[in-house]
Amino acid sequence: MNRGPMSMGRGKIGGPQYQKLDKKTTGQIIKRLGGYILKSWPLFLCAILLTFVSNHLALMGPMYSGSAIDAITGDGGVNFAMVGENIAKMLICYIVSAVMSYILSLLMIRISQRIIYTMRRQVFEKLTSLPVNYFDTNATGDIISRISYDIDTVNATLSQDLVQIMTSIYTLLGSLIFMWQISPPMIIVFAITVPISILFTRYRSKKVRPLFQARSRKLGQLNGYAEEMLSGCRTIKAYNREEEIGKRFNGRNSDAMDAYLDAEYYGAAMGPTVNFINNLSISLVMILGGILFMYSSSGAVKVGSIFFITLGGIAEFVQYSRKFAGPINEFANVLHEFQSAFSAAERVFRVIDEPSEPIDSPKAITLNSTNGKVELNNVTFGYTPEKTVLQGISVLAESGKTVAIVGPTGTGKTTIINLLMRFYDANSGVITVDDNNIQNITRSSLRRAYTMVLQDTWLFHGTIYENIVYGREMASPDEVKAAAKMARIDTYIESLPDGYNTVLSDDGVNISKGQRQLITIARAMLADNSMLILDEATSNVDSRTEIKIQQAMNELMKDRTCFVIAHRLSTIQNADLILVIQDGKITEQGTHTELMQSGGFYSTLYNSQFS
């Protein structure tokens, strides 16, 4: 069957390609993330205050330690009272600072979790509003990767790295002020080393940013391929292709590993390099401080001069210089994490910014009930402008009649169903329901008017009862049992220990494929709709069960307009109209008897199945 782009959904591994994050894009991402943070502004304001107070207390510690040293080395001998007082103040500052830092970390975790909750909710809501073609052209594994891996990456940055950045900024400025108060001349060292660190960090970040984009892209491709292979594990085993699939996975795994290593390798080089520059600056500070202290001790420099410094002052300055150098080093270490987070956020925002399914016209009507008359008038459609799938399709399905669609694979049978349900809109031509153009009908009411039973069954994690009433949740238990009986699944359900309360695992993998199909048919029988779509609905059951199901389906199809896609022509012999689709065109149409008498493609196909 032709599923158009549906066949590309899992085949196109990795989804859309990354765009390079330029300065403008990065700025937009920061602005959007800031918008999330501002929604929790009371907590964030508390976090800022905690950052300032905690770091200010931490900056007070070196000042008291320097005063304690001067109290020991002073000309008047050791002043034990002053030493003890300064040490006590230093300990209090560090202890209170540590406690407040802990509270700050908890607060930022709370803020980040709120943001991540909102982002995941927005992404999932967006996914539910996206048109079908988005899922047809994006790998499922890559979409899941954006919800899980990418958002977790953003979470790590907001909960940890953002705190580190705020702390580093305050520590950087505070240390600079304290150092200026101690000895302005010694700051000259940083006038040389800091620009070197900044220029190196900026240069390196430009090289590293594309590597983190490539890393996320390769991981998305790996996830997409793994999801595709796991969903087809039975087919892989049946064709004994485990070794070949393993090789392909290893190739993608190697690509992902190489991309990860490249990003981490070149990103990790920033930290040690900047750390080396900072250690060099501290060494220079100590040398310069020793020279100034020597001249200060000799009396060559008077007290109060900007060149005068005590031993305690040197100790203070060295501690502040380490605090000053620490943030610069942290900036380098955290920067590549931010690069990764921005790339991940860009992927998430790209989903959120995807255009939703077009809204209904303000004048669109709601189908509360339908007679079931459906007409396609000269409909032409293509999933891409380059290739037309359907050409000039015209067909009238009278109310309560059954229209069967047959033809070779890839000729547009399922595409017709996509157009009837408005998963896609026709390029030209008109489709009507009860003489109303479906363009003028709300999508939700149009789709509710149909009941679908597809070849690919879908069951969710829950009880059998919950799965059957999915289409009509207000149905009574008796109605559910009646639907199951019509679908010939009641005996099996009642034989289970928990009966209708038996819990199905995800997609019903703990029951057979045929039983899953029967449950979906029971779901369709319970839904009280005037139009029915059957896409290979009995393809997953054995021939004996098929006969029983067909009898029940015939009863279900009474007084309903039905569109049936089938390869088993035995199931459509009683259809009121059979359409033969070839190369996107209707080449034959009529009843089974008429088509057999015409001796065309249909009769050849039928005879090939029953000869």
State whether the number of non-hydrogen atoms from other residues, nucleotides or ligands found under 6.0 Å of Y470 atom OH is greater than 12.
no
dist L595:CG -> I578:CD1 (nearest 0.5 Å) comes out at 5.5 Å
Please find the pair of heavy atoms, one from I464 and one from G499, that lie closest to each other, and give the distance.
CD1-O, 4.1 Å
Are R32 and F349 in a cation-pi setup, meaning NZ or CZ lies under 6.0 angstrom from the ring centre and within 45 degrees of the ring axis?
yes
Applying side chain to side chain contact (heavy atoms under 4.5 Å, CB included), run through T593 and T591 and close with a yes or a no.
CA-CA 5 Å; T593 302; T591 64; 4.1 Å; yes
Gap separating the CG atom of L219 from the CZ atom of R215, nearest 0.5 angstrom:
6.5 Å
At their closest point, which heavy atom of P355 faces which heavy atom of L130, and how far apart are they?
O-CD2, 3.6 Å
S343 and E346 side chains, donor-acceptor separation under 3.5 Å:
no
Applying ring-ring contact (aromatic ring centres under 6.0 Å, His included), can you list everything that pairs with F601, at least two apart in sequence or on another chain?
none
T366 and S445: side-chain donor and acceptor closer than 3.5 Å?
no
Would one find more than 12 heavy atoms of other residues, nucleotides or ligands at under 6.0 Å from atom CG of N250?
yes
Without hydrogens or angle criteria, can the side chains of T561 and S399 be said to hold a donor-acceptor pair below 3.5 Å?
no
For the pair R120 and D152, evaluate salt bridge (Lys or Arg N to Asp or Glu O under 4.0 Å) and give the outcome as yes or no after the intermediate values.
CA-CA 10 Å; R120 280 206 174 100; D152 283 342; 2.7 Å; yes
Take a 6.0 Å sphere around CG of N574 and say whether it holds more than 12 heavy atoms from other residues, nucleotides or ligands.
no
Please test V564 against V403 for side chain to side chain contact (heavy atoms under 4.5 Å, CB included), starting from the C-alpha separation and ending with a verdict.
CA-CA 6 Å; V564 182; V403 176; over 6 Å; no
Applying salt bridge (charged side-chain N to carboxylate O under 4.0 Å, His left out) to E398 and not counting sequence neighbours gives none
Side-chain heavy-atom pair V123, I151 within 4.5 angstrom cut-off
yes
Within the side chain of S159, is there an N or O that forms a donor-acceptor pair under 3.5 Å with the backbone of S112?
no
Please say whether more than 12 non-hydrogen atoms of neighbouring residues, nucleotides or ligands are located less than 6.0 Å from NZ in K481.
no
For Y450, enumerate each residue passing the ring-ring contact (aromatic ring centres under 6.0 Å, His included) test, keeping only those at least two apart in sequence or located in another chain.
none
Test your reading of the model: is there a side-chain donor-acceptor pair from K126 to the backbone of R121, 3.5 Å cut-off?
no
Steps toward side chain to side chain contact (heavy atoms under 4.5 Å, CB included) verdict (Q439, N437):
CA-CA 5 Å; Q439 300 278 354; N437 189 332; 3.2 Å; yes
Would you confirm whether T388, through its side chain, and L390, through its main-chain N or O, come within 3.5 Å as a donor-acceptor pair?
no
Provide the closest heavy-atom pair for R448 versus N529 in the form atom of the first, atom of the second, distance.
O-OD1, 3.0 Å
Can you tell me if Q582 and T587 form a side-chain donor-acceptor pair at under 3.5 Å?
yes
Got a sec, which residues hit salt bridge (charged side-chain N to carboxylate O under 4.0 Å, His left out) with D435, two or more places apart in sequence or on another chain?
K373
Spell out, as yes or no, whether a donor-acceptor pair under 3.5 Å connects the side chain of N467 to the backbone of I519.
no
Do Y602 and Q589 meet the criterion of a side-chain donor-acceptor pair at a distance under 3.5 Å?
no
Any side-chain donor paired with an acceptor under 3.5 Å for E354 and Y134?
no
Check against side chain to side chain contact (heavy atoms under 4.5 Å, CB included), L158 and I37:
CA-CA 9 Å; L158 293 178; I37 294 174; 4.3 Å; yes
Verify, without hydrogens or angle tests, whether R252 (side chain) and L222 (backbone) share a donor-acceptor contact under 3.5 angstrom.
no
With sequence neighbours excluded, tell me which residues meet salt bridge (charged side-chain N to carboxylate O under 4.0 Å, His left out) with R443.
E357, D360, D425
ring-ring contact (aromatic ring centres under 6.0 Å, His included) filter on F381, not counting sequence neighbours, yields Y383, Y424
